[in-house]
Amino acid sequence: MSVRGNVFVALALAGNLASAFMPSCVTVFRGADSLRARTHSRNGVSSMIFDYPAPGVRKDYPRPPLEETSQNQRDSAAFSQAFVDMPRPDRPLKVAVIGAGLAGLSCAKYLSDAGHEPVVLEARDVLGGKVAAWQDKDGDWIETGLHIFFGAYPNVNQMFTELGIRDRLQWKSHSMIFAMPGQQTADGFQRFSRFEFPDLLPAPLNGLVAILLNNEMLTFPEKIQFGIGLIPAILFGQKYVEECDSLTVTEWMKKQGVPDRVNDEVFIAMAKALNFIDPDNLSMTVVLTALNRFLQETHGSKMAFLDGPPPTRLCQPMADHMLARGGELRMNQRISKIMLNDDKTVKGLKMQDGSMVEADAYVSTMPVDILKLMLPDEWKPMPYFDKLNGLEGVPVINIHMWFDRKLTTVDHLLFSRSPLLSVYADMSLTCKGYRDDDKSMLELVFAPAKDWIGRPDEEIIQATMEELYRLFPNEIMRDGSKAKLLKSAVVKTPLSVYEATAGRELYRPVQTSPLANFFLAGCFTKQKYLASMEGATFSGKLAARALADAAMAGTIPLKETAAVAA
């Protein structure tokens, strides 16, 4: 049978399975007016297939059985255990870890598990880096970004398990929900289009059924054309995925004959959610990597919200774990210069307060743009460091908006599909720590932000309100007669995660540098989860393993004194 025939058979099989499991009286995917399936269940089967709350209803779901369904999750657990099982070093390494974001705290956590002694140096007075958050004068939390946790984040999920805080993730229904701007339900509310993943089916069938049963965004012929375009990725695997880094999403779709409407209806929203840029610029490798994880792991696309601000609910437990094993955390410690020995290895870190930090080894988890500014002149010609010039951060704007009443929204992440917004969520509904039964707090990602990052906050809020008039046509009015905006907060990050434009993979460095005592971590470094919380966490773990292996091999020159000088 031809390859094309195989794809048709797979799609047909998924459709037949969907028909077999779905009672004929079930009506789904007709917008917000039927967000709860209108069924007369036959032996309760329908509720087993699609289980999601109606708009305005708060509902969390049990943690999915990731260890049973994901080899990546099992591999992550084994990787973590390897640190614990390592022989205890005769002389633990003192490691200065620059940065207390997810990469730095992950690296420090696993170094301490291996018996070494990390000293984490954080320039600010808050943990988290790109997931930092702080409270305003009213006590409300302001977050750097809208952070969503996926089932396809094995190292992040493993971290929650190892820290004993799995209950802090609030898992939502297995859905991907897209707003249909300009379309309203019969009672005037925003319409949504849902992709529902049936719990009864394993991957990739559950994903195929989710795609096949939604006919509001793509027609069946368009799905077939898209499926045919994906054949090379299915046949040639990771090698093909990496080769596609030379193409933008738009270029790949034209090359594969995928209809433009697939881009317009789905991938503009997905591109902005994945890397805050449009498909005309985003590397296709990013999309294929996400699709691979979401469709090949049964619970890969299932989403969870953290039950409060990341610095207190995730980062602090990571720091506490490391501190309990002999590590150290120093806040408000900003580096002014990396000092070198004659052989170009690191001698120490000169701090802005004039002090010096010396250790056996050093790990930088600084964002790539800051790292480039901090590089010693002696390092810049080295190919390893020179290629960092091919990477730069993407501007990101995160917005918080508090309204005087509850808006009719959904307990989930929502793809806005509007020109200026990427994704949003009503955090008063989705997050226990921000719960409010009387008012709504929308958290929205404004993207692409390149043309807006330098504009006044007032202009950004006004532009966002214009989008909200379309997303909440029955509840937010231009004349202010209905829901009123009580306050807002705009968080601008001029250079956030690395911008994953076409061709960037060639510039991403591995965690081990040419210098014996200097290592890198951060989502921009080479690892298979790209620019994400998972990528940052995994990079820290990889750096910790490289350091622990180097310690056992004796390739890191040890300082004469065991203590870190300061």
Side-chain angles (χ1 to χ4, degrees), residues 92-114 116-134 144 310-311 314-341 345-376 379 495 511 513 515 517-525 536-537 539-544 546-548 551 556 558-559 561-566:
L93 285 180
K94 293 288 184 178
V95 183
V97 180
I98 306 169
L102 290 179
L105 292 173
S106 172
C107 183
K109 188 265 185 194
Y110 289 107
L111 282 172
S112 70
D113 285 345
H116 298 291
E117 298 175 3
V119 177
V120 179
L121 308 169
E122 171 52 48
R124 298 192 290 176
D125 60 357
V126 61
L127 298 175
K130 295 182 184 69
V131 301
W134 52 91
T144 305
L314 172 58
C315 297
Q316 190 61 53
M318 294 171 73
D320 292 341
H321 180 100
M322 173 267 298
L323 293 169
R325 286 155 181 77
E328 187 178 346
L329 174 63
R330 301 180 187 177
M331 306 298 289
N332 297 301
Q333 291 291 300
R334 192 176 297 275
I335 295 167
S336 65
K337 189 175 182 180
I338 299 174
M339 309 298 291
L340 303 184
N341 296 307
T345 58
V346 182
K347 180 180 181 180
L349 304 174
K350 185 177 181 180
M351 313 305 290
Q352 284 194 350
D353 61 7
S355 64
M356 182 76 74
V357 172
E358 295 183 358
D360 297 310
Y362 304 81
V363 183
S364 170
T365 72
M366 293 182 285
V368 66
D369 302 281
I370 297 176
L371 174 62
K372 287 188 290 185
L373 293 175
M374 295 299 302
L375 286 178
W379 288 2
L495 297 170
Q511 288 74 33
S513 85
L515 293 314
N517 67 347
F518 186 76
F519 299 78
L520 289 181
C523 67
F524 69 92
T525 62
T537 302
S539 76
K541 201 171 184 179
L542 290 171
L547 272 157
I556 296 178
L558 302 180
K559 293 285 184 181
T561 58
V564 172

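Keep in mind that what you see is a predicted model, and the values were worked out from it rather than measured.
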| query | Does NZ in Lys372 sit with more than 12 non-hydrogen atoms of other residues, nucleotides or ligands closer than 6.0 Å? | reply |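 Yes, enclosed.
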| said: Would Ser336 and Met351 count as a side-chain contact (heavy atoms from CB on, under 4.5 Å) here? Give the steps. | reply: CA-CA 5 Å; Ser336 65; Met351 313 305 290; 5.7 Å; no
| query | Please walk me through it: do His321 and Asp113 pass side-chain contact (heavy atoms from CB on, under 4.5 Å)? | reply | CA-CA 9 Å; His321 180 100; Asp113 285 345; 2.7 Å; yes
Are side-chain heavy atoms of [X] and [Y] found at a separation under 4.5 Å?
X	Y	value
Leu547	Ile556	yes
Ser513	Phe519	no
Lys94	Glu358	no
Glu122	Gln333	no
Arg330	Val357	yes
Leu127	Gln316	yes
Asp320	Leu323	yes
Cys315	Leu102	yes

Please round to the nearest 0.5 Å and tell me the distance separating atom [atom1] of [X] and atom [atom2] of [Y].
X	Y	atom1	atom2	answer
Thr537	Leu105	OG1	CG	9.0 Å
Lys350	Ser355	NZ	OG	10.0 Å
Asn341	Leu515	CG	CG	9.5 Å

Is the backbone N or O of [Y] less than 3.5 Å from a side-chain atom of [X], with the two atoms forming a donor-acceptor pair by type?
X	Y	answer
Ser539	Gly522	yes
Asn517	Val346	yes
Thr365	Ile98	yes
Tyr362	Leu520	no
Ser112	Met322	no
Arg325	Leu111	no

| Working for side chain to side chain donor-acceptor pair (under 3.5 Å), residues Asp360 and His116 | CA-CA 11 Å; Asp360 297 310; His116 298 291; over 6 Å; no
| said: Quick one, Val95 with Val363, criterion side-chain contact (heavy atoms from CB on, under 4.5 Å). Give me CA distance, side-chain angles, the key distance, then yes/no. | reply: CA-CA 7 Å; Val95 183; Val363 183; 3.8 Å; yes
Contact summary for [X] and [Y], nearest pair of heavy atoms:
X	Y	answer
Ala133	Pro310	CB-CD, 4.5 Å
Pro367	Phe524	C-CE2, 4.4 Å
Ser106	Gly540	OG-C, 3.9 Å
Arg334	Arg124	NH2-CG, 4.3 Å
Pro118	Val97	CB-CG2, 4.3 Å

| In terms of side-chain heavy atoms, does Gln511 have a donor or acceptor partner in Thr525 at a distance below 3.5 Å? |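 Distance-only check passes for Gln511 and Thr525.
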| task | I would like to know whether Met366 and Met374 meet side-chain contact (heavy atoms from CB on, under 4.5 Å); could you show each step before the answer? | result | CA-CA 9 Å; Met366 293 182 285; Met374 295 299 302; 4.0 Å; yes
